[in-house]
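Take a look at the structure set out below.
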Amino acid sequence: MTNSFDDIPFFDDDGSPDEPAPRKAPAPAAAPASGGGLGIAARAMAARDQNRTVVDYLSGLNPEQREAVETLDGPVLVLAGAGTGKTRVLTTRIAHILATGRAYPSQILAVTFTNKAAREMKERVGVLVGGAVEGMPWMGTFHSVGVKLLRRHAELAGLRSDFTILDTDDVVRLIKQLIQAEGLDDKRWPAKQFAGMIDGWKNKGLTPPDIAEGDARAFANGRGRELYAAYQARLRTLNACDFGDLLLHPIAIFRKNPDLLKEYHAKFRYILVDEYQDTNTAQYMWLRLLAQRPKDIPQNVCCVGDDDQSIYGWRGAEVDNILRFEKDFLGAKVIKLERNYRSTEHILGAAGHLIAHNEGRLGKTLFTDRVDPDDEKVQVHAAWDSEEEARAVGEEIERLQRGGSDGRKHALNDMAILVRASFQMREFEDRFVTLGLNYRVIGGPRFYERLEIRDAMAYFRLVCQPSDDLAFERIVNTPKRGLGDTTVRYLHDYARARDIPMLAAASDIIETDELKPKARKALFDVIQSFRNWQQKLETTSHMELAEQILEESGYTDMWKADKSAEGPGRLDNLKELVRSMEAFESMRGFLEHVSLVMDADKNENLDAVSIMTLHSAKGLEFDTVFLPGWEEGLFPHQRALDEGGRSGLEEERRLAYVGLTRAKHRCHIWFVSNRRIHGLWQSTMPSRFLDELPAAHVDVAASDSNYGGYGGRGGYGQSRFDKADPFSNTYSTPGWKRAQANKTDATRDNWGTRSGHAVERIGYGESGPRGRTIEGELVARSTSETPSQFSVGDRVFHIKFGNGNIASIEGNKLTIEFDRAGQKRVLDGFVERV
DNA sequence: CGAAGGTCAATTTTT
DNA sequence: TTGACCTTCG
């Protein structure tokens, strides 16, 4: 550990933006490149002190990385391919800035997208510079930095600095109210959809007057713009912000207050941006305001990213931002990191060849020095259907676990299954449950999004922030207090009419006889409780108070009385919530944290296979990666193709690239010939991406099953992965029999553990993966075709289910009573008369 | 208020 | 086919 960083001056940054004047000259000869007009003795001493450090943190960097770290003056774009040491460059660069005394910790603005990335950066900088990282208040996500700016200058945006941050759920409920208030049908105009539109506009940096006429008219009978404006007005009265505002308000503030912006120009001596290819327009505008400076202030901005890993276009990310960097920041130095430290030559070769099919790239080719004849090529496997796919993947995992071809036993933690869409996960989960194989799903319900956590948080919010009407409405009748819709609506209208918060309105109303005695009493009790808690805010510790609130409100009792299976888990979660407050000084501090940071921790002690989407795999790496579902329509996804056209396809291809480059040593790709889509079995074609892989680095694995192969549908889209074996009988194979046998006991267990077999869920969404599938072109096509050539009672053969009789016909969909498989619904194209 | 039944839609997800 | 969400009835 180095000591040299202990001397870095530390300035508390919570005051005004005024900083001690930055040091005019860089500190003595720290970086080999930068001299300085200092005395020889001073230089020598500094060099002596610094050398140790320099060696410590610069050694081990390759020349490009080192250049990216040491080029401190002027704009720098680091194009960092997958596994090229991007984070290392970023963190070392920060360390270097500090070590050379170019800036105080508080003068470095370092932004990331996710909290996870921010946390990781903090940790790693911490390792390099020790405690100095504590003085880096401007290291965080775009949003957390946005909050910080906005809390300081809230009044310039018409807010108080104690504004609340609403999450998606709150936003939707609020919009729903607005839609109803406008007298619109909230079914015809779903609040969720409008929330999505607003989000999209905000991603583009558009305020109500800015949105295109067409967009403005597309919702709410042409009143989209008014609705958006009404929403913003409502946020202001609520003293609240949504996520988009955390960027848009600062942008507006900077534009309106050039002097203030100038202070920040002077303040942030160095700006660093991670994952630049993921920035959306609003973030881009925000960044440009801060980073593009008048000539007299240096533009020390460093963006790190990889255009080949831009997979969030659908969410507003503009790859263009990274492609345009050199134009935005004239004189920018572009440094490419192409030396890969993660993967084998085969994996890199496969990934590189694939991604080369994209146009409009900045163009990087990853390479590695490691050449090991034992490294296996990327394996492509065919399976008959998704069940078979899951079975085979499970077998391969068990094989590796027992000891792979190299005889080494592999940990489940080193393996991951990366799917295109979350519905694919289910098949693997089912299979692993029957095998008793531990797995963890990344992307399950997030802690903070759970019902009970949101309820509890609403109580805390309302205590801290009595004008939080959304919180009020959420919990006023939770647990049930006999304050139903009628009462709440009345309170709402009363509050709106007088422009006061609902809690205050409630206080007024209980003084009157407007409510029925029962409701009045109930409301009175609620208000008394809140008054009580608010007083205790100053006197009681926040954890103690939190417990009291949950007890006295009857909220914990509500779950104790709940006899469903979920009750105990929810109580545990509530305990966990209170426990997690320990790390914070106050309830307010805690609320701030939760509104922005929402991760669940994964249990590192558990050895388990990870199952996640390709999107959530970005930034991770695994020894062995399984990539199932490489079929046309699923991957590339039909919808991406329909909606995104050429660029949609390219984004899908980047997703494939991300998937491949997650693998360190082994990568297994799968495709199936039949997949169940909306309950119907459909024949599928191998993904075009398979054809884009280079033969030199890929093995088409002799399928471990006899019946892997593509039952093609005519001459269209022939691929070298097509196999002329579409009609092999599957019923006699052991795999089929086992799959059938397993069907009965492979029940699904969303939450967890069954018979000594651990399952973990980490991530988003209240209810796990939804059963989504592709709206296949094939379905659409055959639907509009001529009526079925079959009639009820016909004896038919189906490739998967065997013989059966047609029970009923709906267009091209047949319901067939199969002899062995029972009743199934299938498309008529897949059966033939016998 | 809670259970039951009908309807609609069905990539990817962070803050 | 599954599931989420909403309306309706007891």
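What you are looking at is a predicted structure, and each value in this text was computed from that prediction instead of being measured. Both backbone and side-chain heavy atoms feed into the values below; hydrogens, waters and symmetry mates do not. Just so it is clear: chains get the letters A, B, ... in the order the sequence lines come, proteins before strands, and each one is counted from 1.
By the criterion of a centre-to-centre distance under 5.5 Å and near-parallel planes under 30°, the ring of A/His143 forms no stack with the base of B/dT15. Lacking a ring centre under 5.5 Å from that of the base six-membered ring together with a plane angle below 30°, A/Trp314 does not count as stacked on B/dT11.
When the nucleotides B/dT15, B/dA10, C/dT2 are ranked by their closest atom to the side chain of A/His678, B/dA10 comes out on top. Distance from the side chain of A/Thr114 is smallest for B/dT14 among the nucleotides B/dT14, C/dG3, B/dT13. For A/Tyr312, counting side-chain heavy atoms from C-beta on, the closest listed nucleotide (B/dT11, B/dT15, B/dT13) is B/dT13. The A/Lys480 side chain lies nearest to B/dG2 when the options are B/dT15, B/dT11, B/dG2. Picking from B/dC1, B/dT15, B/dT11 the nucleotide with the shortest atom distance to the side chain of A/Arg639 gives B/dT11. Between B/dT15, C/dT2, B/dC1, one nucleotide has an atom nearer to the side chain of A/Arg426 than all others, and that is C/dT2.
We find the OG1-CG distance between A/Thr684 and A/Leu634 to be 8.5 Å, quoted to the nearest 0.5 Å.
Taking the C1' atoms as reference points, B/dT11 lies 25 Å from C/dC6, given to the whole Å. Comparing the C1' positions of C/dG3 and B/dT14 gives an interatomic distance of 24 Å, to the nearest angstrom. Between the P atoms of C/dC5 and B/dT12, the separation comes to 15 Å (whole Å).
Atom CD in A/Gln638 sits roughly 12 Å away from atom C1' in B/dT11 (whole-Å rounding). Atom CD in A/Glu650 sits roughly 22 Å away from atom P in B/dT12 (whole-Å rounding). Atom-to-atom, CE of A/Met425 to C1' of C/dG3 comes out at 17 Å; the value is rounded to the nearest Å. To the nearest angstrom, C1' of B/dC1 lies 13 Å from CE of A/Met558. Taking atom CZ on A/Phe423 and atom P on B/dT12, their separation rounds to 9 Å, with Å as the unit. Going from atom NZ of A/Lys202 over to atom P of B/dT15 covers 18 Å, rounded to whole Å. The NZ-P distance, from A/Lys618 to B/dT11, rounds to 22 Å in whole Å. Rounded to whole Å, the distance from CH2 on A/Trp189 to P on C/dC6 is 18 Å.
Between A/Asn115 and B/dT15 there is a side-chain polar atom (N or O) within less than 4.0 angstrom of OP1 or OP2. The phosphate of C/dC5 (OP1 or OP2) has no side-chain N or O of A/Lys176 nearer than 4.0 angstrom. Within the 4.0 Å cut-off from OP1 or OP2 of B/dT12, not a single side-chain nitrogen or oxygen of A/Ser616 is found. The shortest distance between the side-chain N/O atoms of A/Thr613 and the OP1/OP2 oxygens of B/dT13 is below 4.0 Å.
Between A/Phe113 and A/Glu652, the residue anchored nearer the 5' end of DNA chain B, judged by the nucleotide with its closest heavy atom, is A/Glu652.
Looking at A/Tyr284 and A/Asp320, their side chains never bring a donor and an acceptor atom within 3.5 Å of each other.
For A/Arg489, the CZ atom sits in a loose shell: 12 or fewer heavy atoms of surrounding residues, nucleotides or ligands are nearer than 6.0 Å.
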Original post:
So A/Thr478 and A/Asp455, side-chain hydrogen bond (donor to acceptor under 3.5 Å, both in side chains) or not? Walk me through it.
Top reply: CA-CA 8 Å; A/Thr478 308; A/Asp455 285 342; 5.3 Å; no
Subject >> Check against salt bridge (charged side-chain N to carboxylate O under 4.0 Å, His left out), A/Arg426 and A/Glu429 >> reply: CA-CA 5 Å; A/Arg426 183 190 184 140; A/Glu429 290 192 64; over 6 Å; no
Original post:
Going through the distances and angles, do A/Glu427 and A/Arg431 end up as a salt bridge (charged side-chain N to carboxylate O under 4.0 Å, His left out)?
Top reply: CA-CA 6 Å; A/Glu427 205 96 49; A/Arg431 186 65 202 158; over 6 Å; no
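Across all strands, A/Asn477 comes closer than 4.0 Å only to sugar-phosphate atoms, never to a base (heavy-atom distances).
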Subject >> Watson-Crick and G-U pairing of DNA chain C, under 3.5 Å, as dot-bracket with | and [ ] >> reply: ||||||||||
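Among residues two or more places apart in sequence or in another chain, the side-chain contact (heavy atoms from CB on, under 4.5 Å) test is passed with A/Ala471 by A/Ala458, A/Arg461, A/Leu462, A/Asp468.
Between A/Ala617 and A/Leu418, the shortest heavy-atom contact is CB-CD2, 3.7 Å. Between A/Ala351 and A/Leu660, the closest heavy-atom pair is CA-CD1, 3.8 Å.
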